[in-house]
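In this chain, residues are counted from 1 in sequence order.
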Amino acid sequence: MALALLCAPATARVSWVVRGHGFGHGVGVSQYGAYGFALHGKGYRFILRHYYRGTRIERVQGVRVVRVLLAISPGDVVFSGATSACGRALDPRRSYAAHRNRGRVKLRSSGGKRLADCGKRLRAAGRGRIRIDGVGTFRGAFETVPTESDARSLNAINAVPLEQYVKGVIANESPPSWPVQELRTQAVESRSFALTAGVDGNGFDLYADTRSQVYEGLSSEAARTNAAVTATRGEVVMYGNKVATTFYSACSGGYTESVQNVFFGPPVPYLTGVPDPYDHYCPLHNWTLRFSRPEISAKLGANLRGRLKKVVITRRGVSPRIVTAKLIGTRGTTTVSGEQLQVALGAYSTWMSFHKVAG
């Protein structure tokens, strides 16, 4: 269904009101919705089945290791806490440096003494904790490889067992004070996401930010979120015989979105839009942005021909987030995606409606 917005008289002072719902892409679990379900007595298994339709919970076996890109360093990467690296025994009380020499990595003392040629990858392991200067302290091991896109930089990577990785994630994605069942929901979805959303990067599987999940290692761990990881140890969301890719976002606005309307891939049976009855707990369940006519035209400038006259929504998803729209400008018409509109306007989601007001 298309939404056409009529022009106000030329003599009137015109402004635009954008009304919207939700925060984030809206696919999969709505964290505030899960919070509401937990407040109303629902367990994490129920919550996960509600948002990921047709799935079940199973336990993965064995120790899984994920590799997380922590930083791209333009110079040496200094670390401590390691007992070995590149075949050398190290003193965990001392600091050492990973140094790039063309396409190889060298191990040096903190004073610059050459200790070993590590080849294309330096791996430093210790007693379960590694400190990387300027980045933080992390469980697992430290690895570094030459950055492919920069001839002088190094990728600083944390190779960490899955359970320990999830401990470093969930307190950043869900407040530790939230209900236990929501924290367990977050633990299972974060674990499942880590196993399925690899980016096949230069020496790493996952980013440490919202491109994957926010991961800050030991500094971000909390007792209640760690307990949620322990209580769900190894549990993942399964669809058929595969681990499900468990997308999630902060809040849906009241209805989640089908994945193909957001990421423009094929439909996924367990990532379809569903009602989200408790999303009203989210501070951004409803929101409003206001722009003057020059402001909105300036913000849409890269996608707009001339000054904005009208917005026509040409396709909505099931939630109903904007999939595509036409911008009618004084110099012509352009077609944009909902994401382009969201980014240009600084909106919180693609679930928007546009209203021109005079006065």
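- At a cut-off of 3.5 Å, with distance as the only test, a side-chain donor of Ser174 or Glu182 sits close to an acceptor on the other residue.
- Within 6.0 Å of CZ in Arg94 there are 12 or fewer heavy atoms belonging to other residues, nucleotides or ligands.
- The backbone N or O of Glu148 lies less than 3.5 Å from a partner atom in the side chain of Asn202, making a donor-acceptor pair.
- The shortest distance between side-chain heavy atoms of Arg316 and Ser353 falls below 4.5 Å.
- To the nearest 0.5 Å, atom CZ of residue Arg59 and atom CZ of residue Arg191 are 8.5 Å apart.
- Summarising the local packing, CZ of Arg152 is surrounded by 12 or fewer heavy atoms from other residues, nucleotides or ligands at distances under 6.0 Å.
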Inset, instruction - Could you walk me through whether Leu183 and Tyr44 pass side-chain contact (heavy atoms from CB on, under 4.5 Å), step by step? - result: CA-CA 8 Å; Leu183 298 180; Tyr44 72 98; over 6 Å; no
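- In this structure the side chain of Tyr255 never reaches within 4.5 angstrom of the side chain of Asp276, judged on heavy atoms.
- Counting heavy atoms from C-beta outward, Arg19 and His355 have side chains that approach closer than 4.5 Å.
- Smallest separation of non-hydrogen atoms from His25 and Glu257: O-CB, 4.3 Å.
- In terms of heavy atoms, Thr55 sits closest to Leu48 at OG1-O, 4.2 Å.
- For the atom pair CD1 (Ile322) and OG1 (Thr350), the distance works out to 7.0 Å, reported to the nearest 0.5 Å.
- Note that the CZ atom of Arg67 and the CG atom of Asn155 stand 13.0 Å from one another [nearest 0.5 Å].
- The main-chain N or O of Ser252 is found under 3.5 Å from a side-chain atom of Asp279 such that the two form a donor-acceptor pair.
- By the 4.5 Å heavy-atom criterion applied to side chains, Arg321 and Asn261 are not counted as neighbours.
- Open room surrounds CZ on Arg307; 12 or fewer heavy atoms of other groups in view lie less than 6.0 Å from it.
- Looking at heavy atoms from C-beta onward, Val311 lies in side-chain contact with Trp16 at the 4.5 angstrom threshold.
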Legend entry - Stepwise side-chain contact (heavy atoms from CB on, under 4.5 Å) test for Leu345 and Phe354: CA-CA 12 Å; Leu345 296 175; Phe354 291 79; 3.6 Å; yes
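- Taken together through direct or relayed side-chain contacts under 4.5 Å among Ile, Leu, Val, Met, Phe, Trp and Tyr, Val27 and Val323 form parts of separate hydrophobic clusters.
- When atom types are taken as modelled, the side chain of Ser297 and the backbone of Leu308 share a donor-acceptor pair closer than 3.5 angstrom.
- Looking only at distances, a side-chain donor or acceptor of Arg88 sits under 3.5 Å from a matching main-chain atom of Leu115.
- In plain terms, the two heavy atoms of Gly338 and Met352 that are nearest each other are O-CE, 4.2 Å.
- Salt bridge Glu163/Arg64: absent, no basic N to carboxylate O contact under 4.0 Å.
- Taken together through direct or relayed side-chain contacts under 4.5 Å among Ile, Leu, Val, Met, Phe, Trp and Tyr, Leu162 and Met238 form part of one hydrophobic cluster.
- Atoms CD and OH, on Glu189 and Tyr51 in that order, are 10.0 Å from each other to the nearest 0.5 Å.
- Between Ile72 atom CD1 and Thr147 atom OG1 the span is 5.5 Å, to the nearest 0.5 Å.
- Nearest approach of Gly26 to Ser249, heavy atoms of both residues: N-OG, 3.1 Å.
- Between Phe263 and Phe247, the distance separating the two ring centers is shorter than 6.0 angstrom.
- No donor-acceptor pair closer than 3.5 Å links the side chain of Gln260 to the backbone N or O of Pro266.
- Under a hydrophobic-cluster definition in which Ile, Leu, Val, Met, Phe, Trp and Tyr are linked whenever side-chain heavy atoms come within less than 4.5 Å, directly or via other members, Val77 and Leu107 are assigned to the same cluster.
- Ring centroids of Tyr52 and Tyr239 are separated by 6.0 Å or more, keeping the two rings apart.
- With contacts defined as side-chain heavy-atom distances shorter than 4.5 Å, the pair Ile47/Arg184 does not qualify.
- Nearest heavy-atom pair, Val145 versus Val105, reported as atom, atom and distance to 0.1 Å: CA-CG2, 4.3 Å.
- If you check the side chains of Gln31 and Gln186, you find a donor sitting under 3.5 Å from an acceptor.
- Under the 30°/60° scheme for interplanar angles, the aromatic rings of Tyr215 and Tyr165 are found to be tilted.
- For Tyr278 and Phe37, the distance between ring centers is under 6.0 angstrom.
- Looking at Trp287, its side chain does come within 3.5 Å of a backbone N or O of Gly22 through a donor-acceptor pair.
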Inset, instruction - Output, in order, the C-alpha distance, side-chain angles, deciding distance and verdict of side-chain hydrogen bond (donor to acceptor under 3.5 Å, both in side chains) for Tyr96 and Asp91. - result: CA-CA 9 Å; Tyr96 299 88; Asp91 183 344; 5.6 Å; no
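- Counting only distance, with no hydrogens or angles, the side chain of Thr246 and the backbone of Phe193 share a donor-acceptor pair below 3.5 Å.
- Counting only distance, with no hydrogens or angles, the side chain of Lys356 and the backbone of Lys309 share a donor-acceptor pair below 3.5 Å.
- Counting heavy atoms from C-beta outward, Phe79 and Leu122 have side chains that approach closer than 4.5 Å.
- Listed for the Thr83 side chain is a donor-acceptor partner under 3.5 Å among the backbone atoms of Ala125.
- Here the side chains of Pro283 and Tyr32 are in contact, with some heavy-atom distance below 4.5 Å.
- In the hydrophobic cluster analysis, where Ile, Leu, Val, Met, Phe, Trp and Tyr join through side-chain heavy atoms closer than 4.5 angstrom, Val274 is grouped together with Val268.
- Although no hydrogens or angles enter the test, the distance criterion places no donor-acceptor pair under 3.5 Å between the side chain of Arg129 and the main chain of Ala141.
- Rounded to the nearest 0.5 Å, atoms CZ (Phe138) and CZ (Arg131) are 9.0 Å apart.
- Taken together through direct or relayed side-chain contacts under 4.5 Å among Ile, Leu, Val, Met, Phe, Trp and Tyr, Ile130 and Val65 form parts of separate hydrophobic clusters.
- Between Ala325 and Leu341 the shortest heavy-atom distance is CB-CD1, 4.0 Å.
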